[in-house]
Amino acid sequence: MLSAMPAIVAVIALIPGAMIIDSTKNKLRTTLLICFGSRAFFLLYALVPFLPRMIQPFSLAALVGLRNAFESVWQIGYQSLMADVFPKNELNEILGKRSKYNNILTIGATFVLGTYLTLYEKLPISSIGLFQILFIFTLAIGTWEIYQY
């Protein structure tokens with residue numbers, strides 16, 4: 001479920017999501033609300049350890065899958081907004097550069113966090129507690145991202 005569900009949910013959400021984005025009067029506001037919905041899942045991830053142990057794995061897999069519905073619609077809205085702002089002949093180059101820099105930052109963040117998580121044994125906190133802190137930190141960064149837009 002953890003591997004297949006996100007992709008299936010994203011594909012199912014694409015057409016209705018595109019229709020929502022296209023039919024809205026305020027595309028920016030709708031896109032940012034959907035983005036916030038996507039980022040709010042990080043708080044939900046942090047709450048999974050408080051659920052009964054029997055449903056924790058299914059709950060996490062379901063949350064990851066459902067987040068992809070918001071994430072795929074957010075990407076459609078973002079690209080649509082960029083198409084409204086930039087000239088069509090430059091749009092592919094701009095989105096390509098964004099993707100390139102985003103991938104570089106993602107790899108860097110993964111490396112830094114991976115290195116940091118190997119040190120968690122020396123910290124006076126459980127690995128679950130550390131992930132909960134990271135999820136809440138990610139929510140804060142996501143909220144800042146929305147504010148920047």
Side chains of residues 129-143: which donor-acceptor partners sit under 3.5 Å, not counting sequence neighbours?
unit_1: Q132; atom_1: NE2; unit_2: A46; atom_2: O; d: 2.7
unit_1: T138; atom_1: OG1; unit_2: L134; atom_2: O; d: 2.7
unit_1: T143; atom_1: OG1; unit_2: L139; atom_2: O; d: 2.9

Check: With ILVMFWY side chains joined below 4.5 Å, transitively, what does I12's cluster contain besides itself?
Finding: I8
Only pairs under 3.5 Å count here: list side-chain donor-acceptor contacts from residues 85-95, not counting sequence neighbours, and write none if there are none.
unit_1: E93; atom_1: OE2; unit_2: K97; atom_2: NZ; d: 3.4

Note to self: Considering only residues two or more places apart or on different chains, which pairs with a residue in residues 10-19 satisfy salt bridge (charged side-chain N to carboxylate O under 4.0 Å, His left out)?
What the structure shows: none
Note to self: For F111 and T115: C-alpha separation, side-chain torsions, deciding distance, then whether side chain to side chain contact (heavy atoms under 4.5 Å, CB included) applies.
What the structure shows: CA-CA 6 Å; F111 176 75; T115 303; 4.0 Å; yes
Next item on the list: Could you go through the side chain to side chain contact (heavy atoms under 4.5 Å, CB included) check for S72 and I76 one step at a time?
Entry: CA-CA 6 Å; S72 65; I76 289 171; 5.7 Å; no
Checklist line | Side-chain cluster (under 4.5 Å, hydrophobic types only) that M19 belongs to, other residues | finding: I15
Note to self: Assigning hydrophobic clusters by single linkage (Ile, Leu, Val, Met, Phe, Trp, Tyr; side-chain heavy-atom cutoff under 4.5 Å), is L33 placed with V73?
What the structure shows: no
Next item on the list: Mind checking ring-ring contact (aromatic ring centres under 6.0 Å, His included) for Y149 and listing every partner two or more places apart, or none if nothing turns up?
Entry: W74, Y78
Check: Side-chain heavy atoms under 4.5 angstrom apart, residues restricted to Ile, Leu, Val, Met, Phe, Trp, Tyr: same cluster for I128 and I55?
Finding: no
Check: Transitive ILVMFWY cluster of Y147 at side-chain heavy atoms under 4.5 Å: who else is in it?
Finding: none
Check: Can you tell me how far OG1 of T31 sits from CD of Q79, rounded to the nearest 0.5 angstrom?
Finding: 11.0 Å
Check: Could you give the distance from CG (L32) to CG (N26), rounded to the nearest 0.5 Å?
Finding: 8.5 Å
Note to self: Going by salt bridge (charged side-chain N to carboxylate O under 4.0 Å, His left out), name the pairs with one or both residues in residues 38-67, residues two or more places apart or in two chains.
What the structure shows: R39-E71, R39-E145, R67-E71
Margin query: For residues M5 and V11: do they belong to one hydrophobic cluster (side chain heavy atoms under 4.5 Å, members Ile, Leu, Val, Met, Phe, Trp, Tyr)?
Written below: no
Check: Applying salt bridge (charged side-chain N to carboxylate O under 4.0 Å, His left out), which residue pairs with at least one partner in residues 129-141 are found, sequence neighbours left out?
Finding: none
Next item on the list: Any chance you could pull the hydrophobic cluster mates of Y101, using side-chain heavy atoms under 4.5 angstrom and chaining through other members?
Entry: I104
Next item on the list: Mind jotting down which residue pairs meet the salt bridge (charged side-chain N to carboxylate O under 4.0 Å, His left out) criterion with at least one end in residues 54-63? Sequence neighbours excluded, please.
Entry: none
Check: Taking all non-hydrogen atoms of both residues, which atom of I21 and which atom of T24 are closest, and how far apart?
Finding: O-CG2, 3.0 Å
Checklist line | Distance in Å, I107 CD1 paired with N103 CG, rounded so as to fall on 0.5 Å steps | finding: 6.0 Å
Item checked: Residues in side-chain contact (heavy atoms from CB on, under 4.5 Å) contact with L63, at least two apart in sequence or another chain -> F41, L44, Y45, V48
